[in-house]
Amino acid sequence: MEIESNFIKTIMEEDLASGKVEEIVTRFPPEPNAYLHIGHARAIITNFELAKQFGGRTNLRFDDTNPVKEDSSFVEAIKEDIQWLGYEPANIFFGSDYFEITYDYAIKLIKKNLAYVCDLSQEEMRDYRGTLTEPGKDSPYRNRTVEENLQLFEEMKAGKFGDGEKTLRAKIDMSHPNMNMRDPVLYRIIHIYHHNTGDKWCIYPMYDFAHPLQDAIEGVTHSLCSLEYDDHRILYDWVVEKCETPHVPHQYEFGRLNITNTIMSKRYLKQLVDKNLVRGYDDPRMPTLTGLRRRGYTKDAIKDFVLGTGLSRINSTVSSEMLENSVRNDLNYKVKRVNAVLEPLKVVITNYPEDQVEWLDAPYNKDNEAMGNRKVAFGRNLFIEREDFVEEKPNKKWKRLALGIEVRLMYAYFITCNEVKYDDFGNIVELQCTYDPKTKSGSGFDERKPNGTIHFVEATTSKRATFNLFEPLMIDSDSKRDLEDRLNPNSWSELEGFVEKAIEDTHPLERFQFIRKGYFSTDYDSSSEGLVFNRICELKSSFK
RNA sequence: UGGGCUAUGGCCAAGCGGUUAAGGCAUCGGACUCUGAAUCCGAGACCGAGAGUUCGAAUCUCUCUAGCCCUGCCA
């Protein structure tokens, strides 16, 4: 899998060809305050794959410059997700590793008379900033002398002031049409414990100041980020230029990747977890990487999906069917295809001996013989899928069982339904069928065609199993309505059924195709006492 | 006239002055089938609109329209 062609790859090729850069260095800079989701996968894959394709390298950098919001507990989870995707960062850094040097650069700006300490309160600063259509006005503190600024900044660092009392601001242009250039704050005062630097600092650099410097220090050549930072690029370049950093990184923006029926924002995901609307960040319904993993999605499927959606300067919303298509393609030839009956209906083969079970040969995957064979049990008592039977064949397209109709049980025999048994409420509880020994699978029997092929399981040898079926967590995706009103009440349903004996020793994250029912993955909670499978996605179907 | 960005089939997305305008997903036909799966064939756009430059434009220019982002001491 390779990145085919996109505007960033083109830029890199040109930069390499022109000698603007000698190698490609990228970085993935998550803020350690949330779990990674499928949207982040685009950034991760793009950064790592592009660098890899050009023989470059990619750093993982935790952007922890705001101790109020961040928490080291996310650090390990993020590392794990990246590793799961198959990437190994050239280096793992923290934004906080650069606090000292970032501070030095701030001093440099002050000395160049390009930064000043400002006493304006947050509200005052907002007033002074102007609006989108009106220019702002200079802060009354804008003309402090270099010496005074140096002194005050030193005192800020020393802890002489309280939170918010003073800021260090860049001296740019209060009437700039781009709001980011109206003397942006470079440093603010926050007296709080930092997960990495403890109480050493009480002044912390803002993203717009720290990020370009971090990139420059690491020698990042192409700093990729999402579209909303487009407006910040001018500031990014200003910082790099005025600080005269040894390396000159450049920022390029691309659109975010959204998926239909999927909510990606940190805020929503957190709410879902905090309000117990899901069973945690690794709930199989969550779009988090940890959730997708538990659901059974493979890293190759995710890469295929991300690469398949391409990259552009548009915030795209891709159909979730595309993601499903990627897993199906990935698993089709790779996993065992076995029988599972999710909603069992009892079938008695009346002309088959009591207390007899025979074991028939069946391939694990007829399109991949290397996967070998297993034995499928057949006997007098079977289960088939409830939905595979109707009393009267509705139309010629019905390719399943019905009264008086003969179907093939996959890898076994043809059976014909002769009688239906009901309970007191009129529900179908059992089918009385007969089988034809001449039609044994593999015998080459071709005297007549069955009315389709269905799957089944032998009652006495199969294993009980729980099947978790999922639907999108959210319906009504565009609405601004309250989160809880948008939840899909049917996002998780559990069925109790059976799987054939061959897979009784399955282990978590082993994937299967349950014939005609979809791709499933063994859940973490599965055990020999209670098998549990998560449906990753259904099989495609042209059944209408 | 605040600034920035975007506009190629239903959804993504190649294309960078001369192509029959790639490809994937979805959709619709048809073949095949011991999974209504897979596989295999086949089907759809004149490139937001208008004007211009040019022998020739999705690709260049202009105007217009629509959408997204920006007034955190968040990232």
Side-chain angles (χ1 to χ4, degrees), chain A residues 4-7 10 29-31 33 63 65-66 68-70 95 118 120-122 125-127 129-136 163-169 175-182 184-190 203-204 206-208 210-211 225-234 253 255 257 260 266 304-305 307-326 328-329 332-333 337 339 362 365-367 397-400 407-412 414 439 441-442 445 450 452-455 513-518 538-544:
Chain A
E4 303 264 327
S5 175
N6 63 52
F7 72 102
T10 302
E31 188 182 13
N33 69 352
D63 207 341
T65 55
N66 186 348
V68 175
K69 295 175 60 189
E70 292 131 10
C118 183
L120 252 28
S121 69
Q122 211 157 152
M125 202 181 286
R126 185 161 45 228
D127 291 340
R129 188 155 36 228
T131 69
L132 293 177
T133 53
E134 303 160 56
D163 289 3
E165 270 186 52
K166 285 183 166 44
T167 57
L168 181 73
R169 296 224 261 163
S175 58
H176 197 107
N178 184 325
M179 301 293 284
N180 293 305
M181 296 297 269
R182 318 247 260 229
V185 171
L186 264 24
Y187 265 93
R188 74 286 217 189
I189 299 171
I190 306 174
I203 54 172
Y204 293 90
M206 298 287 288
Y207 170 88
D208 281 325
H211 206 88
C225 61
S226 48
L227 244 31
E228 66 267 29
Y229 290 98
D230 194 331
D231 281 343
H232 295 249
R233 188 175 59 240
I234 186 171
E253 313 83 24
L257 174 62
T260 55
K266 284 179 188 176
D304 180 70
F305 168 71
L307 264 26
T309 57
L311 192 68
S312 70
R313 287 180 60 88
I314 292 178
N315 285 319
S316 55
T317 301
V318 170
S319 166
S320 55
E321 290 162 319
M322 208 160 156
L323 215 205
E324 295 190 348
N325 183 264
S326 290
R328 292 193 196 104
N329 284 342
N332 186 22
Y333 300 115
R337 314 210 286 215
N339 291 319
N365 186 323
K366 77 174 190 313
D367 295 321
K397 286 202 159 192
W398 179 257
K399 292 169 71 175
R400 309 180 189 185
V407 297
R408 183 202 304 276
L409 293 184
M410 201 168 178
Y411 298 131
F414 290 9
T439 61
S441 177
F445 176 85
T453 300
I454 64 174
H455 60 100
Q513 179 194 115
F514 288 159
I515 291 167
R516 302 205 308 137
K517 300 310 294 181
E538 296 183 59
L539 255 32
K540 248 198 284 194
S541 172
S542 57
F543 182 43
K544 289 179 283 289

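Every heavy atom of this structure was used, including side-chain atoms; hydrogens, water molecules and symmetry mates were not. In the text below, chain A, chain B and the rest are named by the order of the sequence lines, each starting its count at 1.
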Between the side-chain atoms of A:Asn178 and the base atoms of B:rG4, is any donor-acceptor pair under 3.5 Å?
no

Under 4.0 Å, counting only non-hydrogen atoms across every strand here, what does A:Leu120 touch: a base, just sugar-phosphate, or nothing?
base

Indicate, with a heavy-atom threshold strictly under 4.0 Å, whether A:Ser121 touches base, sugar-phosphate, or nothing.
base

Residue A:Met322, side-chain atoms from C-beta onward, closest of B:rG36, B:rA26, B:rG24
B:rG24

Which nucleotide wins on minimum distance to the side chain of A:Ser312, given the candidates B:rC70, B:rG15, B:rA13?
B:rA13

Side chain of A:Pro177: nearest nucleotide among B:rA75, B:rG2, B:rC25?
B:rG2

If you take atom types as modelled and just measure distance, does the side chain of A:Lys517 reach the base of B:rA37 with a donor-acceptor pair under 3.5 Å?
no

Identify the stems formed by RNA chain B, where each pair is Watson-Crick or G-U wobble with both distances under 3.5 angstrom and a stem is at least 3 consecutive pairs.
B:2-7 with B:65-70, B:10-12 with B:23-25, B:27-31 with B:39-43, B:48-52 with B:60-64

With sugar-phosphate meaning primed atoms plus P, OP1 and OP2, does A:Lys397 contact a base, only sugar-phosphate, or nothing at under 4.0 Å between heavy atoms?
base

Tell me what A:Asp367 touches on the nucleic acid: a base, only sugar-phosphate, or nothing, going by heavy atoms under 4.0 Å.
base

For A:Asp231, answer base if it contacts any base atom (sugar-phosphate contacts may also be present), sugar-phosphate if it contacts only those atoms, and nothing otherwise; contact means non-hydrogen atoms under 4.0 Å.
base

Of the options B:rA7, B:rA14, B:rA75, whose atoms approach the side-chain atoms of A:Ile314 most closely?
B:rA7

So does A:His232 reach the base of B:rA75 with its side chain, donor to acceptor, closer than 3.5 Å?
yes

